[in-house]
Amino acid sequence: MKREVKILGLSYSQSQVNSYIVVLAEVNGHRKLPIIVKTQDAQVIALKIEGMKSPRPLTHDLFKTLCAGFNIEITEASVYQCLEGIFYSRLVCNNGIDDITIESTAGDAIALSLIFDCPLYVTEEVLSSCGIMMDDQGIIQDTSKENPKNPKRPKKDIISIEDLKKMMEEAIKNEDYEIAAELRDKISKLEADKNL
């Protein structure tokens, strides 16, 4: 059985250098699933979440263009297994006749679900073994004392300004100047909005 999830947050990983953590949240539930992804996947995810477009196509955009050229659509992405801390994912592709399932990294599955605007799922097995009960502020909840009368806390930004700055630094280091410029512009806008 699989559960639909959405991206709740993206932040720099303090434990693994050059990695980011994507937090997936169960759509009709309370469990969260943190997954570590590569910097390149995090940049694509951040650009899509923030509604920014790279001036030239990135690898994931190229993949979408290639799929469109051959009338292939990704209809769903899923994280289906976790073994020894490694998440296994797959994409379901359709060419108008057949569904074809291909393996992918978790980061690619998450990024491509955003690019193709298709549902992202996590199996019940993965959510049960690796998911945690966490509120929107990142505080782990004690499920033994659930109280429905607790007031909801305000939602925080999906990606913090500090994390966007780290992504910009990584983009500059990797000579991805177009992405760095997009991130710089987004940071400037967020900082200006914050000062209003």
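- Here the options are Ile35, Thr59, Asp108, the test is side-chain contact (heavy atoms from CB on, under 4.5 Å), and the partner is Asp41; only Asp108 passes.
- Side-chain contact between Ile72 and Ile100 is absent, with no heavy atoms from C-beta onward closer than 4.5 Å.
- Counting all heavy atoms, side chain and backbone alike, Glu103 lies closest to Ser89 at OE1-O, 3.3 Å.
- Of the inter-residue distances, the one linking Phe70 atom CZ with Cys93 atom SG reads 13.5 Å to the nearest 0.5 angstrom.
- For the pair Phe87 and Leu33, the minimum side-chain heavy-atom distance is below 4.5 Å.
- A donor and an acceptor atom, one from each side chain of Asp99 and Asn94, are located under 3.5 Å apart.
- Leu112 and Tyr88 are not part of a single hydrophobic cluster, where members link through side-chain heavy atoms under 4.5 Å apart.
- Two residues are said to be in side-chain contact when any heavy atoms from C-beta on lie closer than 4.5 Å; Gln43 and Thr39 meet this criterion.
- We find the NZ-CD1 distance between Lys6 and Ile49 to be 11.5 Å, quoted to the nearest 0.5 Å.
- Put simply, CD on Glu125 and SG on Cys82 are 9.5 Å apart, with the number rounded to the nearest 0.5 Å.
- Between Arg31 and Arg3, some side-chain heavy-atom pair lies under the 4.5 Å cut-off.
- Smallest separation of non-hydrogen atoms from Cys118 and Ile74: CB-O, 3.5 Å.
- In this structure, CD in Glu73 is found 6.0 Å from NZ in Lys64, a value given to the nearest 0.5 Å.
- Cluster annotation: Leu127 is not connected to Val27 through the hydrophobic network of ILVMFWY side chains, with a link wherever side-chain heavy atoms come within less than 4.5 Å.
- In this structure, the side chains of Val92 and Tyr121 stay at 4.5 Å or more apart for every pair of heavy atoms.
- Taking each heavy atom of Leu91 and Ala109 in turn, the nearest pair found is CD2-CA, 3.9 Å.
- The pair Lys166-Glu169 fails the salt-bridge criterion, with no side-chain N (NZ, NE, NH1 or NH2) lying under 4.0 Å from an Asp/Glu carboxylate O.
- When all heavy atoms of Pro119 and Thr75 are compared, the pair lying nearest together is CD-O, 3.3 Å.
- Shown here for Ile45 and Gly107, the closest heavy-atom pair between the two residues is CD1-O, 4.3 Å.
- Summarising the local packing, CG of Asp98 is surrounded by more than 12 heavy atoms from other residues, nucleotides or ligands at distances under 6.0 Å.
- A distance of 5.0 Å separates NZ in Lys38 from OG1 in Thr105, rounded to the nearest 0.5 Å.
- Residue Leu10 comes nearest to Ala42 through the heavy atom pair CD2-O, 3.6 Å, listed as atom of the first residue, atom of the second, then distance.
- Rounding to the nearest 0.5 Å places CD of Gln40 at 10.5 Å from CG of Leu58.
- Side-chain contact between Gln81 and Thr123 is absent, with no heavy-atom pair separated by less than 4.5 Å.
- With a 6.0 Å cutoff to the six-membered ring centre and a 45° limit on the axis angle, Lys2 does not count as a cation-pi contact of Tyr80.
- Under the 3.5 Å distance criterion, the side-chain polar atoms of Ser113 are matched with a main-chain donor or acceptor of Ile110.
- Residues Ile102 and Leu62 do not share a hydrophobic cluster, defined by chaining ILVMFWY side chains whose heavy atoms lie under 4.5 Å apart.
- When side chains are defined from C-beta on, Met52 counts as touching Leu47, because their heavy atoms get closer than 4.5 Å.
- Between Lys165 and Glu191, at least one side-chain nitrogen of the basic residue sits less than 4.0 Å from a carboxylate oxygen of the acidic one, meeting the salt-bridge criterion.
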